[in-house]
Amino acid sequence: MKESELASDVCPNCGSKTSMEIEILGQKYTVPVMCKCRKEEYERQEREFQNQQRKIRLERLRQYSLMDKRFEQCTFENFQINENNQKLYKMAVNYCKRWPEMKAKNIGFLFWGPPGTGKSFLAFCIANKLIENLVPVIAISTIGLLNRIKQTYKNYSEEEEVEIINILRNASLLVLDDLGAENNNDWAREKLYEIIDSRYRDGKPMIVTTNLTLTQLKEKLTGWDGVARTYDRLIEMCYPVEIKGTSKRVKAANEKTKIIEELVNE
């Protein structure tokens with residue numbers, strides 16, 4: 001096939017060719033081609049379509065994530081960096097940048113420390129960034145998750161419970177917030193073991209937050225037989241990171257107290 005330099009038509013808008021002559025086996029043919037402005041319009045529509053498809057997929061992933069609406073505001077853009085948390089911020093951002101490697105090596109975090117120090121915010125920043133990158137993530141409180149499983153019992157549906165477990169199992173990343181706040185009973189420990197063990201066996205990472213110390217968490221997760229199998233799997237998958245600092249909730253309460261005192265003393 002040989003292209004000719006000849007063209008029969010030009011676009012009245014952009015002045016570029018709308019057809020050209022080609023030669024096939026000695027025979028010349030005139031074929032249409034996209035002019036510059038039509039090509040640009042086609043590319044614009046294609047970008048618009050891809051953006052729309054991305055928005056649809058992103059919305060589906062947000063619904064799939066089971067995330068409470070209030071945690072959708074936990075983003076790196078809203079992260080208030082200071083000298084106490086700048087290393088944590090950098091670690092979390094780089095974790096997302098190197099996500100394929102983190103996933104392949106089954107690397108997660110166990111953020112532990114006092115309440116109000118930013119553990120959940122940090123965990124959900126990672127979750128939201130990965131969701132933005134179209135990674136399937138489940139991010140939910142431990143109590144909320146166990147309550148969802150209990151709800152299936154009221155519906156007398158074993159299939160619903162299996163479906164929840166499979167969703168947790170299939171997610172690329174599972175974020176369990178506030179582990180240890182759930183009721184300390186055999187059923188809760190059994191379900192948590194089932195969830196954590198399935199992630200462990202499948203080699204899929206988790207990020208967990210807890211207000212307990214590591215010793216307290218180990219005791220909480222240890223079963224009636226005295227074996228800390230759940231904790232051991234968790235520690236193997238999730239690198240423990242202690243989150244220190246002044247409770248933001250206490251700080252906020254103190255600021256409100258000052259405002260109330262001002263109202264009283266004016």
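Residue numbers start at 1 and run along the sequence shown. Just so you know, these numbers come straight off a predicted model, no measurement behind them.
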If you group Ile, Leu, Val, Met, Phe, Trp and Tyr by side-chain heavy-atom gaps below 4.5 Å, do M91 and V135 land in one group?
yes

So which atom in Y193 and which in T230 form the shortest heavy-atom distance, rounded to 0.1 Å?
CD1-OG1, 3.2 Å

Could you verify whether a donor N or O on one side chain and an acceptor N or O on the other, from Y29 and E21, lie under 3.5 Å apart?
no

Out of curiosity, L122 CG to C74 SG, how far, rounded to the nearest 0.5 Å?
9.5 Å

Say you draw a straight line from OG1 of T117 to CG of N211; how long is it, rounded to the nearest 0.5 Å?
7.5 Å

Could you tell me whether the side chain of S16 and the main chain of K36 form a donor-acceptor pair under 3.5 Å?
yes

What are the two closest heavy atoms between S19 and V33, and how far apart are they?
N-CG2, 3.5 Å

Check whether N94 reaches the backbone of K90 with its side chain - one donor and one acceptor, N or O, closer than 3.5 Å.
yes

Please check if the side chain of D68 supplies one atom and the backbone of R70 the other of a donor-acceptor pair under 3.5 Å.
yes

Would you find a donor on one side and an acceptor on the other, under 3.5 Å apart, between the side chain of Q27 and the backbone of I24?
no

Start with the C-alpha gap between M206 and L110, add the side-chain angles, then the distance that decides, and say whether side-chain contact (heavy atoms from CB on, under 4.5 Å) holds.
CA-CA 8 Å; M206 296 177 60; L110 170 58; over 6 Å; no

Taking all atoms of both residues into account, what is the closest heavy-atom pair of L146 and A188, and its distance?
CD1-CB, 4.0 Å

Can you confirm whether or not the ring centre of F109 sits under 6.0 Å from the ring centre of Y95?
yes

Taking N82 for its side chain and N85 for its backbone only, find out whether a donor-acceptor pair lies under 3.5 Å.
yes

Report the distance from atom OG1 of T152 to atom CD of E161, rounding to the nearest 0.5 Å.
5.0 Å

Among L214, T210, T215, find the residue that satisfies the side chain to side chain contact (heavy atoms under 4.5 Å, CB included) test when tested with L212.
T210

I would like to know whether L176 and L174 meet side-chain contact (heavy atoms from CB on, under 4.5 Å); could you show each step before the answer?
CA-CA 6 Å; L176 274 185; L174 172 61; 4.3 Å; yes

Side chain R199, main chain M237, donor-acceptor under 3.5 Å
no

Basic-acidic side-chain contact under 4.0 Å: K204, D202:
no

If only side-chain N and O atoms count, and only distance matters, is there a donor-acceptor pair under 3.5 Å linking E41 with Q45?
yes

Where is the tightest heavy-atom contact between E23 and G26, given as atom of each residue plus distance?
OE2-CA, 3.8 Å

For D178, is there any backbone N or O sitting under 3.5 Å from a side-chain donor or acceptor partner on T209?
yes

Flag if over 12 foreign heavy atoms under 6.0 Å of CZ, R189
yes

I'd like to know whether W112 forms a side-chain contact (heavy atoms from CB on, under 4.5 Å) with L217, so could you lay out the CA-CA distance, the side-chain angles of the two residues, the decisive distance to 0.1 Å, and finally the verdict.
CA-CA 10 Å; W112 66 280; L217 184 62; over 6 Å; no

Is there a side-chain contact between N147 and Q151 in this structure, where contact means two heavy atoms from C-beta onward sitting under 4.5 Å apart?
no

Same apolar cluster (I L V M F W Y, side chains within < 4.5 Å links), I143/I196:
no

Heavy-atom pair of closest approach, residues N183 and K150:
ND2-NZ, 4.4 Å

Closest approach of A127 to V175 (non-hydrogen atoms, all atoms of both residues)
CB-CG2, 4.1 Å

Please check: side-chain N/O of D177 versus main-chain N/O of F124, any donor-acceptor pairing under 3.5 Å?
no

Could you measure the distance from the CG atom of L179 to the CG atom of L234? Nearest 0.5 Å is fine.
6.5 Å

Between E236 and R233, does at least one N-O distance fall below 4.0 Å, as a salt bridge requires?
no

Sidechain-backbone polar pair: K191 side chain, L145 backbone, donor-acceptor under 3.5 Å:
no

Before giving the answer on salt bridge (charged side-chain N to carboxylate O under 4.0 Å, His left out), spell out for E48 and R44 the whole-Å C-alpha distance, their side-chain angles and the decisive distance to 0.1 Å.
CA-CA 6 Å; E48 192 174 278; R44 185 194 66 77; 3.1 Å; yes

Give a yes or no on whether the backbone of G113 and the side-chain of K119 come within a donor-acceptor separation of less than 3.5 Å.
yes

Just verifying a value: how many Å separate Q80 CD and F121 CZ, rounded to the nearest 0.5 Å?
7.5 Å

Taking atom NZ of K218 as the centre, report whether more than 12 heavy atoms of other residues, nucleotides or ligands fall under 6.0 Å from it.
no

Parallel, tilted or perpendicular for F79 and F76, by the 30°/60° rule?
tilted

Rounded to the nearest 0.5 Å, what separates atom OG in S172 from atom NZ in K103?
3.5 Å

Are Y42 and M20 in one and the same hydrophobic cluster, where Ile, Leu, Val, Met, Phe, Trp and Tyr link if side-chain heavy atoms are under 4.5 Å apart?
no

Evaluate the side-chain contact (heavy atoms from CB on, under 4.5 Å) criterion for residues I164 and R148: first the C-alpha distance (whole Å), next the side-chain angles of each, then the deciding distance (0.1 Å), finally the verdict.
CA-CA 8 Å; I164 292 175; R148 278 178 177 263; 4.2 Å; yes

